[in-house]
Amino acid sequence: MTPVISSAMTGSDLLRELLPVCEREVNRHMTMTRDWNPHDYVPWDDGRNFAALGGVDWDPEQSTLSETAKAAMITNLLTEDNLPSYHRVIAENFSLDDAWGFWVGRWTAEEMRHSIVMRDYLVVTRGVDPVALEAARMQHMTGGFDPLPDDDGQRDHSFDMLYAVAYVSFQELATRVSHRNTGKACGDPIADRMLQRVAADENLHMLFYRNVVAGALDLVPDETMAAIYTIVSNFQMPGASMPNFRRNAVLIAKGGIYDLPQHLSDVVLPVLRKWRIFSRDDFGPLGQMYRERLAEFLEQMDVKVTRFEESRQRALERARRRGELPV
Ligand SMILES: [Fe+2]
Ligand SMILES: [Fe+2]
């Protein structure tokens, strides 16, 4: 049974107490970020009209992307498309006043650049079927996505803000890794440059959220630890509710774009290290209990990572024996 956390602090107290951290992080973000224009990253000369305007509709032959690159591009773009879902979660859990409100608007506007540039690139270069892409976007956005796990009726929802910032700390870093590797998988320097640009934004977003969580850990360590444990142990990439997600996720993992070993070593562990989760001495009994649960969860994940790597190695060897890969 999950113990109930009781704290004298309410959710709005927490936002007020964390406001100086938010202000500092907004200032840091605004000095580090740089504005860029999506149109500068798209090879417009490669474009031509579709049949509705007298041209030719999409044909699979027109795409130069591998199946892995297509799956990764579609998954990453649909993730960016679903911005309204994430905006809702952030806007509902942050205040829309002062620095919190500024961040909600600024972050949303930056995120929208990502879907603009990726869609323009894919449609102009005919990398994927634009009709299927639009149908998938409609389905995915209509369904929405809630990153916060269902609770067992015991979570104090006044602290949902902690769950939201813990989730995005990991998710922004996960999208950074995924965009970087997708850029390489496309085999096109223009796509690589575009996705490096997007990944650089994701890194700054991750820093904002990760530093807000660090501030929350200092302020309400036990409540924050509960949120971190819950998010890490229930983590799902936003793609989980997308059309063809299973097929695309297998291609993405097999292609080394985003897989369990990377999730553990490049996303989960570095963020936990920055928060000094396993060296802090300010947890009460509840925080310590959630930290122990987290340690157990990470051990189980480590076992799964080993199994994943072994099975990928076996699959590679089979492919080599069949002559599908160089020895
Ligand atoms: Fe993004
Ligand atoms: Fe982002």
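Quick caveat: nothing in here was measured; it's all calculated off a predicted structure. Counting convention: from 1, in listed order, for ligands and their atoms alike.
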Side chain to side chain donor-acceptor pair (under 3.5 Å) assessment of Asp188 paired with Tyr121: CA-CA 11 Å; Asp188 173 8; Tyr121 173 87; 2.5 Å; yes
Looking at [Y], is its backbone amide N or carbonyl O close enough to the side chain of [X] to form a donor-acceptor pair, meaning the two atoms are under 3.5 Å apart?
X	Y	result
Arg119	Asp81	no
Asn27	Glu23	yes
Trp100	Leu15	yes
Glu25	Tyr209	no

Residue and atom, protein N/O/S, under 2.8 Å of the Fe ion (ligand 1): Glu80 OE1, Glu80 OE2, Glu111 OE1, His114 ND1, Glu202 OE2
Pairwise ring pair (Phe, Tyr, Trp, His ring centres under 6.0 Å) hits with a residue in residues 247-280, at least two apart: Phe170-Trp275, Phe235-His263, Tyr258-His263
